[in-house]
Amino acid sequence: MFAHAYTILAAVVVVFLLAKTLRLSTELSMLASTVAGGVWHVFAWPGSGLRIFVPDNSLLRHIVEGMFTYFDVCLIFISATFFMTLVKESGGVAFIVRRIVKTFRTRRVVCLLLLTLVMLIPGALTGSGATAVLTVGALVGTVLSAMGVDDTRRTAAIFMTAAMSAAAPPINLWAMMAAAGANLPYVGFNGPLVVLSVAGAVFSMFWLAGGGKTADEEEAMKNLPMPPEGINGIRVAAPFVFLAALLLAGRVWPFDFPVIGLPMIFALSSLVVILCSGVRLKVWEILTRTVRNLLPLVGIMVVVGALIQILALSGVRGLISLKVVILPLSTLFATLFVILPVSEGILQYAVAPLLGVPLIMLFNMKGMDAIVALSAMSVLWPLGDCLPPTAVVGRAAVMELDFRGRYFGDFVKACLVPMAFVALCCTLFLIYSKQLSFLAF
């Protein structure tokens with residue numbers, strides 16, 4: 001049994017590395033390794049009763065079934081990103097950033113805090129750091145440039161705040177996927193996630209952009225897009241107020257307010273954006289562009305579900321879980337701050353159900369608070385989004401801000417101190433998760 005599981009794991013790893021060597025995308029590489037592991041299991045374990053194309057008990061059925069594991073997460077991802085893209089296209093983001101510069105340009109601390117908040121909102125609503133970079137990254141970067149921040153530190157600040165925005169509640173995809181795999185309700189995560197992500201984002205912004213001068217209003221306004229005529233604070237705030245009202249209503253009146261789900265909440269909020277927009281929005285074009293831009297990330301989540309299904313079917317997931325839960329806690333505390341970001345750089349969201357589920361089981365058995373511990377891990381994972389071979393958010397920040405320096409020698413090096421701060425905070429949350437359980441309200 002163990003030999004079979006080890007063989008399947010070796011096949012999955014070898015095929016994945018071979019596919020990456022052939023320059024296939026991460027999602028196609030994971031799909032190839034999933035199929036290879038499943039086929040190997042069928043032929044190497046004839047007693048399993050599986051066939052490749054028998055409808056009732058086939059490998060194909062397991063692959064397709066696995067692809068729908070995170071269907072609800074994909075819907076949330078698409079609808080939330082569509083909402084933020086509409087806000088950007090309607091001129092809401094430009095209006096907010098210009099108002100911040102005009103009002104607080106002479107008060108650097110307040111200006112940086114508000115810019116950090118602007119960076120946190122898109123990722124918190126969508127669960128994607130790349131969305132934060134693509135919707136508001138360039139605008140915030142323009143203001144930082146007008147404040148005298150050099151290109152390297154400016155790009156690093158955008159990446160770190162985008163990474164923390166992906167970890168911020170209410171939508172943290174790593175926590176949602178790991179919690180789903182462990183049958184843990186996604187409830188109580190807001191407190192620890194807010195503390196860790198906001199602390200990490202604020203520290204990163206002030207460490208990387210704290211020094212310099214007050215913003216040059218003329219330079220900043222010249223490079224920021226002009227919002228459309230007629231837009232005002234009420235029109236910009238209305239969709240967010242409506243969104244917050246729907247999110248809170250289900251919690252304030254849990255037995256009276258209908259459960260409409262996050263995708264529908266974001267869809268209704270998108271309708272409010274359209275109604276409040278000062279310009280005529282090309283809704284269908286924006287929707288198709290949003291889906292097209294999200295295909296790689298949605299594809300990863302679809303393939304991750306199939307991969308986890310095949311690993312569970314063949315016993316590899318149980319093998320990995322066993323190897324994780326027998327590790328001493330001291331070893332985990334000393335290595336997780338490296339293992340989790342590196343694994344994120346390799347597998348993206350796949351690491352959440354693959355490593356997160358057994359770790360939750362282990363922490364729960366040891367008497368730790370599973371919600372606080374998973375929150376800490378879910379803030380560590382996005383730090384790896386600047387590491388190869390995927391480096392989705394890191395490369396998005398470099399391209400969006402037109403960074404010309406060395407990727408590792410300049411950009412990643414500038415991120416090391418903020419990364420170390422976040423890793424230290426998350427490790428302390430892991431160690432003292434039981435004492436910090438009051439945050440999981």
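In this text the structure is predicted, and so the values were computed from the model without any measurement.
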Considering all heavy atoms of both residues, which atom of [X] and which atom of [Y] are nearest to each other, and what is their separation?
X    : Y    : value
L208 : A156 : CD1-C, 3.6 Å
L268 : L246 : CD1-CD1, 4.2 Å
D369 : S437 : OD2-CB, 3.1 Å
A391 : Y407 : CB-OH, 3.6 Å
V357 : A178 : CG2-O, 3.6 Å
L430 : M377 : CD2-CG, 4.3 Å

Parallel, tilted or perpendicular: ring planes of F68 versus F71, cut at 30 and 60 degrees:
tilted

Angle class for the F411/F159 ring planes (parallel below 30°, perpendicular above 60°, tilted otherwise)?
perpendicular

Which residue pairs satisfy the salt bridge (charged side-chain N to carboxylate O under 4.0 Å, His left out) criterion with at least one member in residues 379-403, sequence neighbours excluded?
D402-R404

Over 12 foreign heavy atoms within 6.0 Å of [atom1], [X]:
X    : atom1 : answer
R99  : CZ    : no
Y432 : OH    : no
I234 : CD1   : no

Quick one, F240 with F83, criterion ring-ring contact (aromatic ring centres under 6.0 Å, His included). Give me CA distance, side-chain angles, the key distance, then yes/no.
CA-CA 10 Å; F240 292 99; F83 168 75; 5.5 Å; yes

Quick one: does any side-chain atom of S277 pair with a main-chain N or O of I274 as donor and acceptor, under 3.5 Å?
no

Is N364 reaching over with its side chain to a backbone N or O of I360, donor-acceptor style, under 3.5 angstrom?
no

